[in-house]
Amino acid sequence: MAPRPAAVALAVALLLLLLLLPAPAAAAAAVGVNWGTMMSHPILPSAVVEMLRANGVDRVKLFDADPWTVAALAGSGVQAMLAAPNDQLESLARDPRRARDWVRHNVTANLKAGVDVRYVAVGNEPFLKSYNGSFINITFPALKNMQKALNEAGFGQRIKVVVPLNADIYSSPENTPVPSAGSFRKDINDLMVDIVNFLHVNDAPFVVNIYPFLSLYQNPNFPLNFSFFDGATKPVYDQGMVYTNVFDANFDTLVWSLRKAGVPDMRIIVGEVGWPTDGDKNANVKYAQRFYSGFLKKMAKNVGTPLRPGHMEVYLFALIDENQKSVLPGRFERHWGLFTYDGNPKFSMDLSGNGKVNYLAEVKGVQYLPSQWCVFNKDAKDKYKDLPASVNYACSNADCTPLGYGSSCNGLSHDGNISYAFNIYFQTMDQDVRACSFGGLAKITTTNASQGGCLFPVQILSVSGRVVPLIFLHLSLVLLVSVFTLL
């Protein structure tokens, strides 16, 4: 039967309407972010979550289950990986009741409040060599107790327990530096076999943190271009596979390690991957932008790695700079953020990986302390008498990492270094006038003290009661950190 004229007219009208509608935006790659909170002046979590949503980020990985942070995710549509930190592993391993309590307080309660919990991380990189085996005997028992607690609460199928691990748990021999020669570290091989098989039985993924920057940082002879994704390097060949970047080679070394452990098809999540922007000669905005541009394009194309082509789930590290992180691994540790301390994007990037040149949306509503700085008082009497101790004290209680070799403020003059140290301490202490004294060596000014490419920041108003308290100046203190040779 021929279609009726009215039906034809309606179909044509609908077709025209569809043609006039804007094309749907390209789907973003499966990219999440790590949201750490080790900063002296945290931003309001609800404002951070709004920024995540504005940028299309739909998943976050946390390093704890702090209610102040987690509550902001309720009803947001942002998926969450909560975490039990390393200092909780012993109690979780020793007493299953602790795991049940943890699940009740941090999983059940948050699910009821509308938080979309997808993973629970037990520890964070607990098998790092630098921990000297502190967590080797308690991580697996803690993992099993947490899994049991989730099962008993009825969440075992919905929420997966994982252990984020650093890539130092596997490697290839120095004389055969190719992925196919890779395996888990000898000192933890048996333990890793047990863990990965346990995860596999429970349908949980393997979470690994991979840092191309660290390959460059730890080895002065490492080829720079092999850290990036633009193909400007000599490839590595391995059993018919071609590797043009260290990320793929590292990832596939893990794939080989899992094969040898008996779980060849285990799902892998990249829990941390990124590039710092300060604190080292190779930690800068130029290289970070190059790294993320190539990496996000790779994610958007779903090319995977030579051994694991296709879709990958990754979490960028990290969201916002954290000025209270330990600098034992390097001064760059406080500068992994895509955003500065005040919630502003550091450079243009396209999280969808489609090659658009645009800045990320910033955090809205951030308020600053008054526009004033603390600088070296060149007119002070006996100005050099207590100067070394004063500068060291300032940098022991605030973040002077931008002054290090190759960093953004490395080019300051002698007096500029002193002013930077005094100002960062002053800002960290909420511009308390007592924090800009140093026995008369410092003074407050309303003239912006920033010099060249070195930013002398003005701190933001903290939105929590966790601001670092004013620490009075005691020159007899044993100084924790030595500032670079200034005098």
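Residue numbers run from 1 in the order of the sequence given. No experiment lies behind these values; they were computed from the predicted model shown.
- Residues Leu73 and Asp116 form no side-chain contact, since every pair of their non-hydrogen atoms from C-beta on lies 4.5 Å or further apart.
- With 3.5 Å as the limit, one finds a donor-acceptor pair spanning the side chains of Tyr243 and Asp252.
- Partner Glu313 forms a salt bridge (Lys or Arg N to Asp or Glu O under 4.0 Å) with one of Lys61, Arg267, Arg118, Arg308 and no other, that one being Arg267.
- A donor-acceptor pair under 3.5 Å is formed between the side chain of Ser450 and the backbone N or O of Phe456.
- Side-chain polar atoms of Lys346 and Thr277 form a donor-acceptor pair below 3.5 angstrom.
- Asn34 contributes atom CG, which lies 12.0 Å from atom CD1 of Ile320 (distance to the nearest 0.5 angstrom).
- No donor-acceptor distance shorter than 3.5 angstrom exists from the side chain of Ser407 to the backbone of Leu403, with no hydrogens or angles considered.
- No hydrogens or angles considered: a donor-acceptor pair under 3.5 Å links the side chains of Tyr368 and Asp342.
- A donor-acceptor pair shorter than 3.5 Å cannot be found between the side chains of Asn209 and Tyr315.
- Val120 places a side-chain heavy atom less than 4.5 Å from the side chain of Ile159.
- Residues Ala421 and Cys395 share a closest heavy-atom pair of CB-SG, 3.7 Å.
- For Pro276 against Ala288, the heavy-atom pair with the smallest separation is O-CB, 4.2 Å.
- Judged purely by atom type and a 3.5 angstrom limit, Lys160 uses its side chain to pair as donor or acceptor with the backbone of Asn202.
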Practice item. Using the side-chain contact (heavy atoms from CB on, under 4.5 Å) rule, take Trp256 and Tyr170 through it: C-alpha gap first, then chi angles, then the decisive distance, then the call. Key: CA-CA 10 Å; Trp256 276 104; Tyr170 55 86; over 6 Å; no
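- Residue Asn166 holds its CG atom at 4.0 Å from CD of Glu125, rounded to the nearest 0.5 Å.
- At a cut-off of 3.5 Å, with distance as the only test, no side-chain donor of Arg290 or Asn284 sits close to an acceptor on the other residue.
- Closest approach of Gly36 to Met39, counting heavy atoms only: O-CE, 3.7 Å.
- Looking at heavy atoms from C-beta onward, Asn197 lies out of side-chain contact with Val201 at the 4.5 angstrom threshold.
- For Arg334 and Asp399, the salt-bridge test passes: some basic side-chain N is under 4.0 Å from an acidic carboxylate O.
- Contact check on Asp101 versus Arg104 returns a salt bridge, with a Lys/Arg side-chain nitrogen under 4.0 Å from an Asp/Glu carboxylate oxygen.
- Counting heavy atoms from C-beta outward, Met349 and Ser293 have side chains that stay 4.5 Å or more apart.
- Asp64 approaches Asp66 most closely through the heavy-atom pair OD1-N, 3.2 Å.
- Side-chain contact check for Ser462 versus Pro42: some heavy-atom pair is nearer than 4.5 Å.
- A distance of 8.0 Å separates NZ in Lys129 from CG in Asp187, rounded to the nearest 0.5 Å.
- No donor-acceptor pair closer than 3.5 Å links the side chain of Asn55 to the backbone N or O of Val57.
- A distance-only check finds a donor-acceptor pair linking the side chain of Asp238 to the backbone of Ser180 [under 3.5 Å].
- The minimum heavy-atom distance linking Val363 with Ala47 is given by the pair CG1-CB, 3.7 Å.
- Taking the side chain as every heavy atom from C-beta outward, Phe295 and Pro212 never approach each other to under 4.5 Å.
- The six-membered or imidazole ring of Phe135 lies away from that of Phe127, with a centre-to-centre distance of 6.0 Å or more.
- Aromatic ring orientation, Phe228 versus Phe291: perpendicular (interplanar angle above 60°, classes split at 30° and 60°).
- Side-chain N or O atoms of Asp321 include none that pairs as donor or acceptor with a backbone N or O of Tyr341 at under 3.5 Å.
- Heavy atoms from other residues, nucleotides or ligands lying under 6.0 Å from CG of Asn137 number 12 at most.
- Side chain of Asn106 to main chain of Trp102: a donor-acceptor pair is present (N/O by atom type, distance under 3.5 Å, no hydrogens or angles).
- The distance from the CD atom of Glu333 to the OG atom of Ser326 is 7.5 Å, given to the nearest 0.5 Å.
- One N or O on the side chain of Asn323 and one on the backbone of Ser40 form a donor-acceptor pair closer than 3.5 Å.
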Practice item. Apply side-chain contact (heavy atoms from CB on, under 4.5 Å) to the pair Lys298 and Asp248, showing each step before the final yes or no. Key: CA-CA 11 Å; Lys298 174 184 175 68; Asp248 285 357; 2.9 Å; yes
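- When the shell of 6.0 Å around CD of Gln289 is examined, it contains more than 12 heavy atoms from other residues, nucleotides or ligands.
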Practice item. Take Val208 and Leu165, measure what side-chain contact (heavy atoms from CB on, under 4.5 Å) needs, and give me the verdict at the end. Key: CA-CA 5 Å; Val208 63; Leu165 294 164; 5.7 Å; no
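- To the nearest 0.5 angstrom, Tyr425 atom OH is 10.5 Å from Ser396 atom OG.
- Note that the NZ atom of Lys364 and the CG atom of Leu44 stand 15.0 Å from one another [nearest 0.5 Å].
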Practice item. Would you check, one step at a time, whether the test side-chain contact (heavy atoms from CB on, under 4.5 Å) holds for Phe184 with Leu254? Key: CA-CA 8 Å; Phe184 289 119; Leu254 171 60; 4.2 Å; yes
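- Side-chain polar atoms of Thr428 and Gln459 form no donor-acceptor pair below 3.5 angstrom.
- Between the side chains of Glu272 and Trp336, no donor N or O sits under 3.5 Å from an acceptor N or O.
- Inspection of the His200 and Asp265 side chains reveals no N or O donor paired with an N or O acceptor under 3.5 Å.
- Using a 4.5 Å heavy-atom threshold, the side chains of Pro126 and Leu89 count as touching.
- Salt-bridge annotation for Arg185 and Asp168: present, with a side-chain N of the basic residue lying under 4.0 Å from a carboxylate O of the acidic one.
- Taking the centre of each ring, Phe332 and Phe213 come in below the 6.0 Å mark.
- The closest side-chain heavy-atom distance from Thr37 to Trp68 is not below 4.5 Å.
- Heavy atoms only, all atoms of each residue included: Asp278 and Ser408 are closest at OD2-OG, 2.5 Å.
- The backbone N or O of Pro457 lies less than 3.5 Å from a partner atom in the side chain of Asn423, making a donor-acceptor pair.
- In terms of modelled atom types and a separation under 3.5 Å, the side chain of Thr176 and the main chain of Pro173 share no donor-acceptor contact.
- Around NZ of Lys260, the count of heavy atoms belonging to other residues, nucleotides or ligands within 6.0 Å exceeds 12.
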